[in-house]
Amino acid sequence: MATIAIGSDHAGPEAKSHIKDMLESIGETVIDCGTQGPQSVDYPDYAQKVGQLIQTGAADWGVLICGTGIGISIAANKMKGIRAALCHNPMTAQMARAHNNANVLCLGARVLEPATMLELVRVFRETTFEGGRHQNRIDKIHQLEE
Ligand code: RB5
């Protein structure tokens, strides 16, 4: 089983809690990086917490949530080795893993229905990277970090 780091800004604590419960109910280990309440916080701080757990190997992959998913995905993608994918439907969640080997799923809590967010987490979790020609492209993405 995997260890999954999850984090959100003030737009996403409720969604984060549902995702945590769902993942734990199927035997995954979840590290909850906050935030836990409605008070306004800055989404880059939570992208950093989750990204660092993935960079160090303490977590296998992550979920990040903000209002649209946009800001937190931009922030996470500034971190070396992080491939954060903002997904809106099952197809994008599947492709994010199969083709892009994404290690963070980003969700917009003010965009998606709660049930849709859970479905995207399930799809992301169940999909594996196809490798092959896609690995070359991932390598080129990481060359851009240098
Ligand atoms: C916070 O109000 C909001 O800007 C944030 O959750 C996110 O949508 C940013 O991209």
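Order of listing sets the numbers, starting from 1, for every ligand and every atom in it.
The shortest N or O to N or O distance between Ile72 and ligand 1 is not under 3.5 Å. The shortest N or O to N or O distance between Ala11 and ligand 1 is not below 3.5 Å. Checking only distances, Tyr43 never comes within under 3.5 Å of ligand 1, N or O to N or O.
The heavy-atom pair separating Val50 from Gly7 by the smallest distance is CG2-N, 3.7 Å. The shortest non-hydrogen separation linking Ile72 to Gly69 is CG2-O, 3.8 Å.
When hydrogens are left out, the protein atom nearest atom 2 (O) of ligand 1 is Arg110 NH1, 3.4 Å; that is the closest non-hydrogen contact. Of all protein heavy atoms, the one closest to atom 8 (O) of ligand 1 is Thr68 N, 3.0 Å. The protein atom (non-hydrogen) at minimum distance from atom 7 (C) of ligand 1 is Cys66 SG, 3.3 Å.
By the rule that hydrophobic residues join a cluster once side-chain heavy atoms approach within less than 4.5 Å of another member, Ile54 and Ile31 end up as members of separate clusters.
Under the 3.5 Å distance criterion, the side-chain polar atoms of Asn103 are matched with a main-chain donor or acceptor of Gly81. Remark: the backbone N or O of Pro44 is not paired with any side-chain donor or acceptor of Asp42 at under 3.5 angstrom.
Using a cutoff of 4.0 Å between basic side-chain nitrogens and carboxylate oxygens, Glu24 and Lys20 are scored as salt-bridged.
Of all the atoms in ligand 1, the ones that sit under 4.0 Å from a non-hydrogen atom of Gly71 are 9 (C), 10 (O). Every atom of ligand 1 with a heavy atom of His10 under 4.0 Å away is listed here by number and element: 1 (C), 2 (O). Residue-ligand proximity, Gly67 to ligand 1, at heavy-atom distances under 4.0 Å covers atoms 5 (C), 6 (O), 7 (C), 8 (O). For ligand 1 and Asp9, the ligand atoms under 4.0 Å from any heavy atom of the residue are 1 (C), 5 (C), 6 (O).
Counting only heavy atoms from C-beta outward, the side chains of Arg137 and His99 never approach each other to under 4.5 Å.
Protein heavy atoms are found inside the 4.0 Å sphere centred on atom 10 (O) of ligand 1.
When hydrophobic residues (I, L, V, M, F, W, Y) are linked wherever their side-chain heavy atoms come within less than 4.5 Å, the members clustered with Met117 are Ile4, Ile6, Ile19, Met22, Leu23, Ile26, Val30, Trp61, Val63, Ile65, Leu105, Leu107, Val111, Leu112, Leu118, Leu120, Val121, Phe124.
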